[in-house]
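Excluded from the calculations below are hydrogen atoms, water molecules and symmetry mates; all remaining heavy atoms, backbone and side chain alike, are included. Here the structure is a predicted model, which means the values were calculated and not measured.
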Amino acid sequence: MQRIAIYPGSFDPVTKGHLDIIERGLKLFDRIVVTILCNPSKKSLFTVEERVEMLEISLKDFQNIEIDTYFGLLVDYVVRRDAHAILRGMRAVSDFEYEFQMALMNRKLKRDIETVFMMTSLRWIFTSSSIIKEAAKFGGDIEEMVPRVVNQKLKEKFKN
Ligand code: PNS
């Protein structure tokens, strides 16, 4: 039986922190489905199609990965995909409350679904899609923190 994890997120855009979690998550799971979901509390910069394209290019050398999108409850998607767990990265203590709340809500909604947290590697502990977008918007150099395609797309978005 294949152990499948759903790695959900906004991925607006994907960062090297996300890639780190996926790479290390593949040591625990046979297959990871990277799923773009709607986060109602965030306004996105990139369209879903743009986000899928950036994920596809960034993950082209990874094996046992699938990219998908879903609009609705994460737990319904996990059931539909017959997956075993939700995979989430945790950076600092500041992430804890939100992640804890989400994991407990998901467990309340579907008791059998487990959330597995992986600590982000120290190198990426301070990065997030939001802070990278903010830096890029004002011309900051974020090249090291994102896949090459994301750096290009951010430059295009903010060129004016
Ligand atoms: O990358 P993000 O923005 O931190 O990811 C948050 C996301 C998309 C995983 C979360 O908002 C989510 O699960 N959205 C789908 C709707 C849902 O199931 N909400 C209830 C979970 S508390």
Side-chain angles (χ1 to χ4, degrees), residues 3-46 48 50-69 74-75 77-78 83-107 113-158:
R3 308 294 300 175
I4 302 172
I6 305 296
Y7 183 43
S10 307
F11 302 106
D12 184 43
V14 59
T15 67
K16 292 226 180 132
H18 293 127
L19 299 189
D20 168 60
I21 296 293
I22 295 169
E23 193 175 353
R24 287 168 43 227
L26 282 168
K27 293 178 189 155
L28 300 180
F29 296 97
D30 300 313
R31 189 172 181 77
I32 294 180
V33 184
V34 182
T35 310
I36 299 171
L37 276 135
C38 167
N39 181 343
S41 56
K42 285 187 189 166
K43 192 180 172 301
S44 56
L45 173 68
F46 292 100
V48 172
E50 287 172 319
R51 286 182 261 166
V52 168
E53 190 195 353
M54 286 185 279
L55 276 168
E56 277 171 355
I57 296 171
S58 309
L59 292 169
K60 68 177 190 319
D61 295 329
F62 285 64
Q63 308 281 307
N64 303 318
I65 284 290
E66 184 186 328
I67 296 155
D68 199 6
T69 62
L74 172 58
V75 288
Y77 178 77
V78 176
H84 299 88
I86 295 167
L87 176 64
R88 290 287 287 177
M90 182 96 78
R91 283 162 303 188
V93 180
S94 50
D95 277 346
F96 181 80
E97 202 173 326
Y98 169 61
E99 293 297 336
F100 188 60
Q101 207 177 17
M102 233 174 15
L104 288 184
M105 173 56 98
N106 285 332
R107 185 130 66 90
I113 294 175
E114 297 292 347
T115 303
V116 174
F117 292 104
M118 293 190 76
M119 289 308 298
T120 300
S121 295
L122 268 181
R123 189 167 178 206
W124 310 118
I125 212 102
F126 66 95
T127 61
S128 71
S129 300
S130 313
I131 208 145
I132 285 171
K133 279 183 285 190
E134 190 175 313
K137 185 173 179 173
F138 295 107
D141 181 10
I142 45 83
E143 191 175 356
E144 192 201 333
M145 301 162 210
V146 290
R148 189 182 304 211
V149 59
V150 173
N151 190 35
Q152 282 162 3
K153 295 273 180 200
L154 281 168
K155 280 198 173 129
E156 282 166 29
K157 271 277 177 218
F158 292 129

- Message: Let me confirm one number: the CE-CZ distance from Met118 to Arg88, rounded to the nearest 0.5 Å.
- Response: 14.0 Å
- Query: Around atom CD of Glu134, are there more than 12 heavy atoms of other residues, nucleotides or ligands at under 6.0 Å?
  - Reply: no
- Task: Determine, for Lys16 against Asp20, whether the closest basic-nitrogen to carboxylate-oxygen distance falls under 4.0 angstrom.
- Result: no
- Query: Would you say Phe100 has more than 12 foreign heavy atoms packed within less than 6.0 Å of its CZ?
  - Reply: no
- From Met90 CE over to Ile21 CD1, what is the distance, rounded to the nearest 0.5 angstrom? 10.0 Å
- Write down the atom of Asp12, the atom of Lys43, and the distance for their closest heavy-atom approach. OD2-O, 4.2 Å
- Query: Counting only N and O atoms by type, is there a donor-acceptor contact under 3.5 Å from the side chain of Arg91 to the main-chain atoms of Thr127?
  - Reply: yes
- Message: Rounded to the nearest 0.5 Å, what separates atom CD in Gln152 from atom CD in Glu143?
- Response: 9.5 Å
- Query: If every non-hydrogen atom of Pro13 is compared with every non-hydrogen atom of Ser129, which pair is closest and at what distance?
  - Reply: O-OG, 2.8 Å
- Task: Would you confirm whether Ser121, through its side chain, and Arg123, through its main-chain N or O, come within 3.5 Å as a donor-acceptor pair?
- Result: no
- Given side-chain contact (heavy atoms from CB on, under 4.5 Å), test Phe46 with Glu53 step by step and report yes or no. CA-CA 10 Å; Phe46 292 100; Glu53 190 195 353; over 6 Å; no
- Message: Going by the rule ring pair (Phe, Tyr, Trp, His ring centres under 6.0 Å), which residues pair with Tyr7 if we only count those two or more places apart in sequence or in a different chain?
- Response: Phe11
- Task: Supply the atom-to-atom distance Phe62 CZ to Ile32 CD1, rounded to the nearest 0.5 angstrom.
- Result: 9.0 Å
- Compare every heavy atom of Asn39 with every heavy atom of Ser10, then report the nearest pair and how far apart it is. OG-CB, 3.6 Å
- Show your working on side-chain contact (heavy atoms from CB on, under 4.5 Å) between Val78 and Asn106 and close with a plain yes or no. CA-CA 10 Å; Val78 176; Asn106 285 332; over 6 Å; no
- Start with the C-alpha distance between Asp30 and Asn64, add both sets of side-chain angles, then the distance that settles side-chain contact (heavy atoms from CB on, under 4.5 Å), and finish with yes or no. CA-CA 7 Å; Asp30 300 313; Asn64 303 318; over 6 Å; no
- Message: A quick test of your reading: do over 12 heavy atoms of other residues, nucleotides or ligands sit less than 6.0 Å from CD of Glu144?
- Response: no
- Output for pair (Glu23 CD, Asp61 CG), nearest 0.5 Å, gives 11.0 Å
- Item | Residue that, paired with Tyr77, satisfies side chain to side chain contact (heavy atoms under 4.5 Å, CB included) out of Ile86, Thr69, Thr35 | Thr35
- Note on the structure: Scanning both residues in full, the closest heavy-atom pair of Val150 with Met54 reads CG2-SD, 3.8 Å
- Message: Please determine whether side-chain contact (heavy atoms from CB on, under 4.5 Å) holds for the pair Ile142 and Asn151, giving the CA-CA distance in whole Å, both sets of side-chain angles, and the decisive distance to 0.1 Å.
- Response: CA-CA 7 Å; Ile142 45 83; Asn151 190 35; 3.4 Å; yes
- Item | CG-CG distance between Leu87 and Leu28, expressed to the nearest 0.5 angstrom | 7.5 Å
- Message: A quick test of your reading: do over 12 heavy atoms of other residues, nucleotides or ligands sit less than 6.0 Å from CD1 of Ile131?
- Response: no
- Message: Measuring only between side-chain heavy atoms, which start at C-beta, is Thr15 closer than 4.5 Å to Ser128?
- Response: no
- Grab the two heavy atoms, one from Met119 and one from Arg24, that are nearest each other, plus how far apart they are. O-NH2, 2.8 Å
- Query: Which atom names give the shortest non-hydrogen contact between Arg31 and Ile65, and what distance separates them?
  - Reply: NH2-O, 4.3 Å
- State, yes or no, whether a side-chain contact exists between Leu55 and Ile36 at a heavy-atom distance under 4.5 Å. yes
